[in-house]
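A short write-up of the structure that comes next.
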Amino acid sequence: MSTSRYLVTAVVLLGAGIGIGIGIGWWLNRPATLTDTVLRPDTPGGNVLYWYDPMRPDVHFDKPGRSPFMDMELVAKYGVTADQGAIAINPRVTQNLGVRTVVAEQSTVAPLVRVTGTIAVDERRMAVVTTRASGWLERLDVRAVGDTVRHGQRLGAFYSPDLLAAQEEFLLARRAGDPLLLPAVRRRLDLLGMSVGQLERMSRRGIADRQVDILAPISGVVAELLVRQGSALSAGMPVMNLVDLSRVWVLAEVPEAQSTWLKAGQAVEVVLAAAGAPPVPGVIDHLYPELSAATRTTRVRIVVPNEKLALRPGMSATVIIHGASRPALLVPTEALIRSGERTAVILAEGEGRFRPVAVLAGAEQGDRTEIRSGLKAGNQVVASGQFLIDSEASLRGALDRLLPGAAQ
């Protein structure tokens, strides 16, 4: 019995020794954590205030260990040193977090506005076809909205008793050779809407025309047809509306913050939604004086040539407006931490030390943002992993304490 007892004791002691050896080996080779940084006496960054679970930062613990909420180690909360005001993190931990730093570069920035616009009719290129005498529309050559017409083309013909009587009076005055009556009658025909060509043709024939032609005042498209053949006409009554689409407008809504540097005469690119469509050059024609209270945008009117009629009213297009380039200090936009009233970046000072710095952000260009104040060219800023640093070292509280102007 005594021999068996000794064998059991020997096995237990051997197992305990193996376990202790394995545990020591794991401890010496385990990954570095922020807890290791806290336990090392030579690590800068101040004293440990408490430990917490990053998933439950409102619950504090007075010693390290594993979180009762998540299967993970508790993280230490540092007290900030008074001399530097920086936050120290073990470089091994920084590497594990995948922290990437970039250099603030002096470059150039060109303001860019990219908004959606709508193709609209150029209201300066619209015309209303009317008659100056009462009568009846006996002939209508253009009978559908959207038909294309050219300048001087006959749109229809109407019969007017007043025009017919004026023509007869003109022919009588010409036969009589009355030098006083002839100019007056000719003037009356002109006021009633008879064209010079019709008047000369009627003079050559010597016979009054029963029907008087209605001619197109401009080249364009029929936008609205208001009468039909056989309709009764009154003096000044609109017959149809024409619009010239060889030049169109693009109406765009530009955000208030981006409209300050826009001005009339500025070059614009208009890109159609159709795949492969080349950009069309345009010019800012007018900035509307009012600002939309609902959308906080300014309306911009752009003139675009449309000789091939590829731009149709109602189509949508992307409007790209480039501003003049100027020198600027640029950092990646992802490096910015916006916290309410302040914008900051994490400045990497080397040897695992990081400092939050308040900056004044300017215009954005692609994936980079202009920094107007707070940084210098050559500063190293954290571009990736700054929010992981925030989670590990509780930077959100540090920002409120360290940024200039924060409440003490």
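Here the structure is a predicted model, which means the values were calculated and not measured. All values below come from the heavy atoms of this structure, side chains included, with hydrogens, waters and symmetry mates left out.
Going from atom CD of Gln167 over to atom CG of Leu192 covers 9.5 Å, rounded to the nearest 0.5 Å. In this structure, CD in Glu253 is found 10.5 Å from OG in Ser259, a value given to the nearest 0.5 Å. Rounding to the nearest 0.5 Å places OG1 of Thr108 at 10.5 Å from CD of Glu370.
When the shell of 6.0 Å around CZ of Arg326 is examined, it contains more than 12 heavy atoms from other residues, nucleotides or ligands. Shown here is Trp261, whose CH2 atom has more than 12 heavy atoms of other residues, nucleotides or ligands within 6.0 Å. Under a cut-off of 6.0 angstrom, the local environment of CZ in Arg186 is sparse, with at most 12 non-hydrogen atoms contributed by other residues, nucleotides or ligands.
No side-chain donor-acceptor contact under 3.5 Å links Arg174 to the backbone of Gly206. Although no hydrogens or angles enter the test, the distance criterion places a donor-acceptor pair under 3.5 Å between the side chain of Asp244 and the main chain of Ser246. For Ser160 (side chain) and Ser134 (main-chain N/O), a donor-acceptor pair under 3.5 Å exists by modelled atom type. Side chain of Gln258 to backbone of Pro255: no donor-acceptor contact under 3.5 angstrom is found. No side-chain donor-acceptor contact under 3.5 Å links His60 to the backbone of Tyr50. Listed for the Ser203 side chain is a donor-acceptor partner under 3.5 Å among the backbone atoms of Leu199. A donor-acceptor pair is defined here as one N or O able to donate and one able to accept, closer than 3.5 Å; such a pair exists between the side chain of Ser219 and the backbone of His151. A donor-acceptor pair is defined here as one N or O able to donate and one able to accept, closer than 3.5 Å; no such pair exists between the side chain of Gln153 and the backbone of Ala216. Using a distance-only test at 3.5 Å, with no hydrogens or angles considered, a donor-acceptor pair links the side chain of Asp122 to the main chain of Arg124.
Two residues are said to be in side-chain contact when any heavy atoms from C-beta on lie closer than 4.5 Å; Phe158 and Thr131 meet this criterion. Side-chain contact between Thr118 and Met315 is absent, with no heavy-atom pair separated by less than 4.5 Å.
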I would like to know whether Glu200 and Arg205 meet salt bridge (charged side-chain N to carboxylate O under 4.0 Å, His left out); could you show each step before the answer? CA-CA 9 Å; Glu200 292 178 352; Arg205 294 174 55 207; over 6 Å; no
Passes salt bridge (charged side-chain N to carboxylate O under 4.0 Å, His left out), Asp141 versus Arg139? Steps please. CA-CA 6 Å; Asp141 296 334; Arg139 178 172 179 172; 2.9 Å; yes
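Leu330 and Ser107 make their closest contact through CD1-CB, 3.9 Å (heavy atoms, listed as atom of the first residue, atom of the second, distance).
Salt bridge Glu290/Arg299: absent, no basic N to carboxylate O contact under 4.0 Å.
Inspection of the Thr333 and Thr369 side chains reveals an N or O donor paired with an N or O acceptor under 3.5 Å.
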Please tabulate, for side-chain N and O atoms in residues 62-70, each donor-acceptor pair with protein atoms closer than 3.5 Å (sequence neighbours left out).
residue : atom : partner : partner atom : Å
Arg66   : NE   : Asp71   : OD1          : 3.4
Arg66   : NH1  : Glu73   : OE2          : 3.1
Arg66   : NH2  : Asp71   : O            : 3.4
Arg66   : NH2  : Asp71   : OD1          : 2.5
Ser67   : OG   : Asp53   : OD2          : 2.5
Ser67   : OG   : Phe69   : N            : 3.1
Ser67   : OG   : Met70   : N            : 3.2

